[in-house]
Amino acid sequence: MIKLEKFISNFAREFDEFFINLLPKNKFSKKLHKAMSYTLSVGGKRLRPIFLVEISKIFDVGYISALRAAAAVEFIHCYSLVHDDLPAMDDDDLRRGHNTCHKQFDDATAILVGDALQSLAFEILSDKKTHSDPEVRCRLIKELSSSSGAKGMVGGQMLDLEAENKKLNLKQILFLQKLKTGELFRFSCIAGPILARAKQLDIFTTFADNLGLAFQIKDDLLDIDGDENKMGKKTKKDSSRGKGTLISFYGKENARKKSQELINNSKNILKPFGSKADRLIQLTNYVISRNK
Ligand code: GRG
């Protein structure tokens with residue numbers, strides 16, 4: 001088996017080529033097209049896509065179907081970052097080591113880039129190329145829309161905006177994070193079983209709940225201790241905005257322990273899949289061992 005880092009970078013290269021090609025060709029505004037291409041081409045770890053594709057492999061889902069569903073979730077993720085970076089939200093100049101979309105272009109363009117990427121995600125899922133069975137396509141659309149909308153990522157972002165300089169309790173923080181970050185991981189982990197018409201949605205939902213929270217704890221730890229150059233974005237943002245985070249509740253050491261427990265829970269769920277899940281287990285570890 002090739003080393004994990006190499007595997008991740010190979011995947012990202014192949015995936016990027018695939019998903020940038022899903023952009024509608026120049027039949028609309030050249031500026032919008034340029035800004036969408038810019039947003040997709042500045043990198044990112046592609047964690048959600050890689051989990052979606054690796055889980056799909058366990059269920060012998062066709063590679064193109066998995067890549068298309070992975071592209072849909074990454075389009076939503078990219079749109080959320082573009083909107084999150086806007087002056088009306090987090091007001092950031094740097095993302096993935098490059099100018100944020102509104103810095104490179106302008107605020108209105110960045111809003112439209114996010115909107116267009118969101119629509120594109122659902123256009124991709126609704127296409128026959130994603131799956132021949134319309135029920136499967138509808139299920140994917142239903143799950144991604146609820147994961148990304150008011151009951152999911154957008155709802156979590158709203159709670160986050162409302163939480164500035166407020167003291168949330170642990171239950172409230174966990175709920176906010178589950179919506180804002182966990183829900184897109186949930187979609188990424190159940191899309192494979194949906195594409196395969198498999199029954200294991202519940203266990204992959206539990207897998208995702210543990211994984212998503214571990215990811216968030218690591219994200220909070222990196223916000224405190226991470227290297228801005230490696231991460232390609234501004235750090236120490238939570239503390240500067242007076243936000244309560246999981247670290248402010250657990251403390252750094254216990255937060256690390258908690259994230260390891262969550263990752264162990266996720267890995268235990270993969271045990272019945274034997275060696276078919278070897279790569280997935282490595283990726284699951286990577287969620288908390290990463291330095292960006
Ligand atoms: C604006 C609707 C809307 C939602 C924004 C995603 C999000 C919600 C806000 C981004 C701010 C943030 C730090 C969220 C917490 C976790 C997160 C999504 C981190 C970024 O994800 P990574 O680390 O990023 O997978 P890359 O760049 O590698 O894809």
Side-chain angles (χ1 to χ4, degrees), residues 8-9 11-12 15-16 19 39-52 70-71 73-92 94-102 107 110-115 117-118 121 144-164 173-174 176-188 208 211-224 226 228 230-241 243 245-247 259 283 286-292:
I8 294 174
S9 64
F11 172 83
F15 175 77
D16 283 12
F19 100 135
T39 297
L40 303 184
S41 62
V42 292
K45 296 182 289 296
R46 312 307 191 205
L47 270 182
R48 294 151 195 81
I50 206 167
F51 271 97
L52 194 155
V73 72
E74 188 67 15
F75 285 142
I76 296 282
H77 174 57
C78 292
Y79 120 65
S80 79
L81 298 179
V82 169
H83 281 191
D84 185 64
D85 290 333
L86 282 163
M89 294 211 193
D90 244 13
D91 195 9
D92 271 312
L94 193 67
R95 168 73 65 184
R96 295 168 165 174
H98 295 265
N99 278 344
T100 49
C101 186
H102 69 276
D107 293 3
I111 292 170
L112 295 173
V113 163
D115 293 343
L117 289 175
Q118 173 167 215
L144 187 58
S145 48
S146 73
S147 283
S148 55
K151 289 185 296 178
M153 182 185 75
V154 169
Q157 177 77 349
M158 191 71 225
L159 291 176
D160 202 18
L161 292 173
E162 290 171 335
E164 250 166 59
I173 294 184
L174 289 172
L176 182 164
Q177 301 298 3
K178 162 91 181 87
L179 300 193
K180 182 175 153 184
T181 316
E183 275 293 313
L184 282 197
F185 276 102
R186 185 187 71 86
F187 176 81
S188 306
L211 187 80
L213 187 52
F215 169 90
Q216 189 56 54
I217 293 175
K218 182 68 186 182
D219 202 67
D220 289 350
L221 285 167
L222 285 170
D223 186 62
I224 297 171
E228 259 182 33
K230 277 200 187 108
M231 295 178 67
K233 63 179 180 183
K234 216 162 149 214
T235 55
K236 303 187 180 46
K237 285 190 332 198
D238 291 335
S239 47
S240 70
R241 295 201 165 195
K243 279 187 191 171
T245 67
L246 293 165
I247 314 298
S259 67
L283 284 166
Y286 173 74
V287 163
I288 56 167
S289 66
R290 67 198 165 96
N291 57 15
K292 60 177 185 171

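Numbers here simply count residues along the sequence, with the first being 1. In listed order, ligands and their atoms are each counted from 1.
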Undergrad: Does only the side chain of K45 get under 4.0 Å from ligand 1, or the backbone, or both, or neither? Count heavy atoms.
TA: both

Undergrad: If you look only at distance, which donor and acceptor atoms sit under 3.5 Å apart when one is on a side chain in residues 44-52 and the other is two or more places apart or in another chain?
TA:
from : atom 1 : to  : atom 2 : distance (Å)
R46  : NE     : D16 : OD1    : 2.7
R46  : NH1    : G43 : O      : 3.2
R46  : NH1    : E74 : OE2    : 2.8
R46  : NH2    : D16 : OD1    : 3.3
R46  : NH2    : D16 : OD2    : 3.4
R46  : NH2    : L40 : O      : 2.8
R48  : NH1    : H77 : NE2    : 3.3

Undergrad: Distance under 4.0 Å to a non-hydrogen atom of R96: what atoms of ligand 1 satisfy this?
TA: 26 (P), 27 (O), 29 (O)

Undergrad: Side chains of D115 and L112: closer than 4.5 Å at any heavy-atom pair?
TA: yes

Undergrad: How far is atom 17 (C) of ligand 1 from its nearest protein heavy atom, and which residue and atom name does that atom have?
TA: F215 CE2, 4.0 Å

Undergrad: Give the residue and atom name of whichever protein heavy atom lies nearest to atom 20 (C) of ligand 1, and the separation in Å to one decimal.
TA: H77 CE1, 3.9 Å

Undergrad: Taking the minimum heavy-atom distance to atom 13 (C) of ligand 1, which of L179, D219, D223 ranks first?
TA: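 The option holding the nearest heavy atom is D219.
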
Undergrad: For Q216 and ligand 1, answer yes if some heavy atom of the residue is under 4.0 Å from a ligand atom, otherwise no.
TA: yes

Undergrad: Do me a favour and list the nearest non-hydrogen protein atom to atom 11 (C) of ligand 1 with residue, atom name and distance?
TA: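 The closest heavy atom on the protein side is D84 OD2, 3.2 Å.
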
Undergrad: Could you tell me the residue and atom name of the protein heavy atom closest to atom 1 (C) of ligand 1, and the distance to it rounded to 0.1 Å?
TA: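 For this ligand atom, the closest protein heavy atom is S80 O, 3.5 Å.
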
Undergrad: What's the shortest heavy-atom distance between Q157 and M89, and which atoms?
TA: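 Shortest heavy-atom contact: NE2-SD, 3.1 Å.
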
Undergrad: Which residue and non-hydrogen atom of the protein lie closest to atom 14 (C) of ligand 1, and at what distance in Å?
TA: K180 CE, 3.4 Å

Undergrad: Classify the ring geometry between H83 and Y79 as parallel (under 30°), tilted (30 to 60°) or perpendicular (over 60°).
TA: perpendicular

Undergrad: Identify, by atom number and element, the atoms of ligand 1 in contact range of H83, meaning under 4.0 Å from any of its heavy atoms.
TA: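 The list of qualifying atoms is 1 (C).
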
Undergrad: Show which atoms of ligand 1 fall inside a sub-4.0 Å distance from at least one heavy-atom site of V154.
TA: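 That gives atoms 2 (C) of ligand 1.
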
Undergrad: Hey, does Q118 have a side-chain heavy atom less than 4.5 Å from the side chain of I76?
TA: yes

Undergrad: Looking at Y79, which atoms of ligand 1 are within less than 4.0 Å of one of its heavy atoms?
TA: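 Heavy-atom distances to Y79 below 4.0 Å select 2 (C).
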
Undergrad: With heavy-atom distances below 4.5 Å as the criterion, would you say the side chains of T181 and L213 are in contact?
TA: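 Answer no - side chains too far apart.
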
Undergrad: Of all the non-hydrogen atoms in the protein, which one sits nearest to atom 25 (O) of ligand 1, and at what distance?
TA: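 The closest heavy atom on the protein side is R48 NH1, 2.8 Å.
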
Undergrad: Decide yes or no for V287 and K218: does some side-chain heavy atom of the first lie under 4.5 Å from some side-chain heavy atom of the second?
TA: no

Undergrad: Can you report which non-hydrogen protein atom sits closest to atom 8 (C) of ligand 1, along with the distance?
TA: Q157 OE1, 3.4 Å

Undergrad: Do Q177 and I217 come close enough that some side-chain heavy atom pair is under 4.5 Å?
TA: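 They are not in contact (no side-chain heavy atoms under 4.5 Å apart), so the answer is no.
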
Undergrad: Not counting sequence neighbours, which residues clear side-chain contact (heavy atoms from CB on, under 4.5 Å) with A208? List them please.
TA: R186, C189

